[in-house]
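Letters A, B, ... are given to chains in the order of the sequence lines, protein chains preceding strands, and every chain is numbered from 1.
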Amino acid sequence: MTGRDAGPTGEEPRLAPGPLLCMMPLAFDQPSRELAQELLGQTLVRVLDDGSRLAGRIVETEAYLGVKDKAAHAFGGRRTQRNESMYARAGTAYVYFTYGMHHCFNVVAGEVDEPVAVLIRALEPTEGLERMAVHRASNRRSSPLKETDLCSGPAKLCQALAIDRELDGEDLTSSDRIFIETTRQGPIELATLVNRARIGVDYAEDWAQRRLRWYIRESAHVSVR
DNA sequence: AGCCCGATGTCCT
DNA sequence: GGACATCGGGCTA
């Protein structure tokens, strides 16, 4: 373990400051820990079959570090039909089904055959809010939907944007159904970032406390504060 | 504000 | 049979 791989309790390394480049396409082929931070502030766009556009600003992400990461679906080299997309090229969508009823959306990072990815945990909705509310309300009984209930969780945002396994394996760099727009350029302001342990991975022993979750400090759309 | 629980497909032992 | 990268409802304070 070098300084890059801090111990279980250490703070995870942050993005190094770099030159500001004009509207470069997102580089997905980097370590998931770095991509997780770079994705914050970018916009996830979903275009439905009828042409309507749903979008949200990414405000919360988690990095999953692959074969060595006890919390990752690919831990120990696990490779099944379900997680096959994680082994594809960076920029591929990995959409999985969990708890018998929910979908979660990930962006594949790293190299081909290196099963690392970034889980998108929350969005600040920016386009198509009414349609999102319809998608979200169909799975509820009565309580009114606040704007901060639309996409403030990994399964909520999949409901809102109508993301399911049909989009698993989609190439985010060429798809016209789901893609990421570069709405933030250059390194993110470090002071606006919060770096915490991941959610829902208590079972992962020494990997449970690793700070591989990032969110935008002032956002009201984060899943857990 | 918390805690508990049911929903239930897919993968694991 | 049990666990799970979750959510919403119903309960106790």
Contact under 4.0 Å: A:R136 side-chain N or O vs C:dG8 OP1/OP2:
yes
Please check the phosphate of C:dA5 (OP1 and OP2 only) for any side-chain N or O of A:K70 closer than 4.0 Å. no
Measure [atom1]/[X] against [atom2]/[N] and give the value in whole Å, please.
{"X": "A:N106", "N": "C:dA5", "atom1": "CG", "atom2": "C1'", "result": "8 Å"}
{"X": "A:R225", "N": "B:dA1", "atom1": "CZ", "atom2": "P", "result": "12 Å"}
{"X": "A:K146", "N": "C:dC7", "atom1": "NZ", "atom2": "P", "result": "15 Å"}
{"X": "A:R198", "N": "C:dT6", "atom1": "CZ", "atom2": "P", "result": "11 Å"}
{"X": "A:H73", "N": "C:dC4", "atom1": "NE2", "atom2": "P", "result": "10 Å"}
{"X": "A:D202", "N": "C:dA3", "atom1": "CG", "atom2": "P", "result": "14 Å"}

Residues in residues 115-125 of chain A with a heavy atom under 4.0 Å of DNA chain C, by number, are A:L119, A:R121
Heavy atoms under 4.0 Å, any strand shown: does A:A71 hit a base, just sugar-phosphate, or nothing? base
**Item:** Same-atom distance (C1') from B:dG9 to C:dG9, integer angstrom
**Value:** 22 Å
*Rounded P spacing from C:dA5 to B:dG2 in Å*: 23 Å
Check this for me, if you would: do [X] and [Y] make a salt bridge, where the nitrogen-to-carboxylate-oxygen distance has to be below 4.0 angstrom?
{"X": "A:R53", "Y": "A:E127", "answer": "yes"}
{"X": "A:R136", "Y": "A:D149", "answer": "no"}
{"X": "A:D113", "Y": "A:R89", "answer": "no"}

Residues in residues 77-90 of chain A with a heavy atom under 4.0 Å of DNA chain B, by number, are A:R78, A:T80, A:R82
Spacing of [X] atom [atom1] and [Y] atom [atom2] [to the nearest 0.5 Å]:
{"X": "A:I180", "Y": "A:L172", "atom1": "CD1", "atom2": "CG", "answer": "5.5 Å"}
{"X": "A:K156", "Y": "A:T148", "atom1": "NZ", "atom2": "OG1", "answer": "8.0 Å"}
{"X": "A:L123", "Y": "A:C158", "atom1": "CG", "atom2": "SG", "answer": "9.0 Å"}

- prompt: Is the aromatic ring centre of A:Y203 closer than 5.5 Å to the centre of the six-membered base ring of C:dA3, with the two planes inclined by less than 30°?
  reply: no
Got a list of protein N/O to nucleotides 11-13 of chain C N/O distances below 3.5 Å?
none

With both pairing distances under 3.5 angstrom for Watson-Crick or G-U wobble, and | for a partner in another strand, the correct string for DNA chain B is |||||||.||||.
Between N or O atoms, less than 3.5 Å apart, protein on one side and nucleotides 4-8 of chain B on the other: list the pairs.
unit_1: B:dT8; atom_1: O2; unit_2: A:Y99; atom_2: O; d: 2.9

Report task. Kindly assign one of parallel, tilted or perpendicular to the pair A:F97 and A:H103, based on the angle between their ring planes and the thresholds 30° and 60°. Result -> tilted
Hits for side chain to side chain donor-acceptor pair (under 3.5 Å) against A:E166, two or more places apart or cross-chain, chain-then-number order -> A:R177
From the candidates C:dA5, C:dT6, C:dG8, the one with an atom nearest any side-chain atom of A:K156 is C:dG8
With no hydrogens and no angle check, do the side chains of A:R213 and A:T61 hold a donor and an acceptor under 3.5 Å apart? no
